[in-house]
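Here's the structure we're looking at; comments come further down.
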Amino acid sequence: MLNRKKHCYNRINLLLYSLLLLILCPFMTSCSSKQDYPKTSDIDYTIVTGSDIPSELKELIKERRENSFELSYSDGSYLYIVKGYGRHDTSGYNVSVTDLYQSDDNIIFETDIKGPSEDDKVHERATYPYIVVKTEYMGNSVVFK
């Protein structure tokens with residue numbers, strides 16, 4: 001009889017702890033899974049291409065272009081921020097900056113890639129879409145979103 005009461009008591013405890021865990025789980029994950037970076041100021045930038053990209057940075061991009069990558073590079077005066085989307089089998093992809101801003105001690109860099117539309121003339125060849133922006137060097141860490 002005592003064993004049966006103990007077993008019932010353990011089942012009730014297990015049920016209560018499970019219920020408590022189910023109630024608290026959404027609150028615990030929402031706090032730790034997403035970090036918020038509130039905007040403190042906008043950052044002026046220029047999109048750079050071709051000969052405006054430093055040769056060392058061009059080499060780093062070429063080494064990493066097969067896969068998606070994120071890269072920041074400084075020459076002491078300017079900061080270059082790069083987001084690459086890896087190899088694609090056709091042309092027609094367009095990378096754009098959706099946001100670049102200062103958040104306390106970080107620079108937040110957010111980009112988007114759009115594939116070719118139905119109206120675009122697409123070439124069947126490997127392409128490596130990426131974007132490079134140039135901004136004043138501030139010594140802050142870059143957070144890619």
Determine, using the 4.5 Å side-chain heavy-atom cutoff (strictly less than), whether [X] and [Y] are members of one ILVMFWY cluster.
X: Y37; Y: I43; result: no
X: F69; Y: F144; result: no
X: V133; Y: M138; result: yes

#### Entry: Mutual orientation of the aromatic rings belonging to Y93 and H88 [parallel < 30°, tilted 30-60°, perpendicular > 60°]
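Answer is tilted, since the angle falls between 30° and 60°.
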Considering all heavy atoms of both residues, which atom of [X] and which atom of [Y] are nearest to each other, and what is their separation?
X: V142; Y: L79; answer: CG2-CD2, 4.0 Å
X: F109; Y: L100; answer: CD1-CD1, 3.6 Å
X: V95; Y: P129; answer: CG2-CB, 3.8 Å
X: P116; Y: S91; answer: CG-O, 3.6 Å
X: K145; Y: Y101; answer: NZ-OH, 4.4 Å

### Task
Mind running side-chain hydrogen bond (donor to acceptor under 3.5 Å, both in side chains) on E136 and Y45 for me, showing each step along the way?
CA-CA 8 Å; E136 178 183 333; Y45 66 91; over 6 Å; no
Quick check against the 3.5 Å criterion: does [X] have a side-chain atom that pairs as donor or acceptor with the backbone of [Y]?
X: S141; Y: N106; answer: no
X: T111; Y: V97; answer: no
X: T127; Y: T90; answer: yes

In Å, rounded to the nearest 0.5 Å, how long is the span from [atom1] of [X] to [atom2] of [Y]?
X: D36; Y: I108; atom1: CG; atom2: CD1; result: 9.5 Å
X: E110; Y: S96; atom1: CD; atom2: OG; result: 10.0 Å
X: K83; Y: D112; atom1: NZ; atom2: CG; result: 11.0 Å

### Query
Just checking, is any N or O donor in the side chain of Y128 or E66 under 3.5 Å from an acceptor N or O on the other one?
yes
[X] atom [atom1], neighbour heavy-atom count above 12 within 6.0 Å:
X: Y73; atom1: OH; answer: yes
X: K39; atom1: NZ; answer: yes
X: E56; atom1: CD; answer: no
X: Y130; atom1: OH; answer: no

Report yes if some heavy atom in the side chain of [X] is under 4.5 Å from a heavy atom in the side chain of [Y]; otherwise report no.
X: I81; Y: I131; result: no
X: I61; Y: V82; result: yes
X: V132; Y: L57; result: yes

### Message
Using the rule given for side-chain contact (heavy atoms from CB on, under 4.5 Å), can you reason through I53 versus Y80, listing the C-alpha separation, both sets of side-chain angles and the distance that settles it, and then say yes or no?
### Response
CA-CA 8 Å; I53 300 173; Y80 296 85; 5.8 Å; no
### Message
I'd like to know whether D89 forms a salt bridge (Lys or Arg N to Asp or Glu O under 4.0 Å) with R125, so could you lay out the CA-CA distance, the side-chain angles of the two residues, the decisive distance to 0.1 Å, and finally the verdict.
### Response
CA-CA 5 Å; D89 293 330; R125 62 180 165 83; over 6 Å; no
### Query
Run the side-chain contact (heavy atoms from CB on, under 4.5 Å) check on S77 and Y137 step by step: do they pass?
CA-CA 6 Å; S77 300; Y137 178 74; 5.9 Å; no
### Message
L60 vs K58, test: side-chain contact (heavy atoms from CB on, under 4.5 Å). Steps then yes/no.
### Response
CA-CA 5 Å; L60 293 171; K58 281 183 188 177; over 6 Å; no
### Task
Give the C-alpha distance, both sets of side-chain angles, the deciding distance and a yes or no for side-chain contact (heavy atoms from CB on, under 4.5 Å) between Q102 and I107.
CA-CA 5 Å; Q102 178 79 32; I107 295 171; 4.1 Å; yes
### Lys/Arg-Asp/Glu bridge criterion (N-O < 4.0 Å) met for K134, D52
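Answer for the salt bridge query: no.
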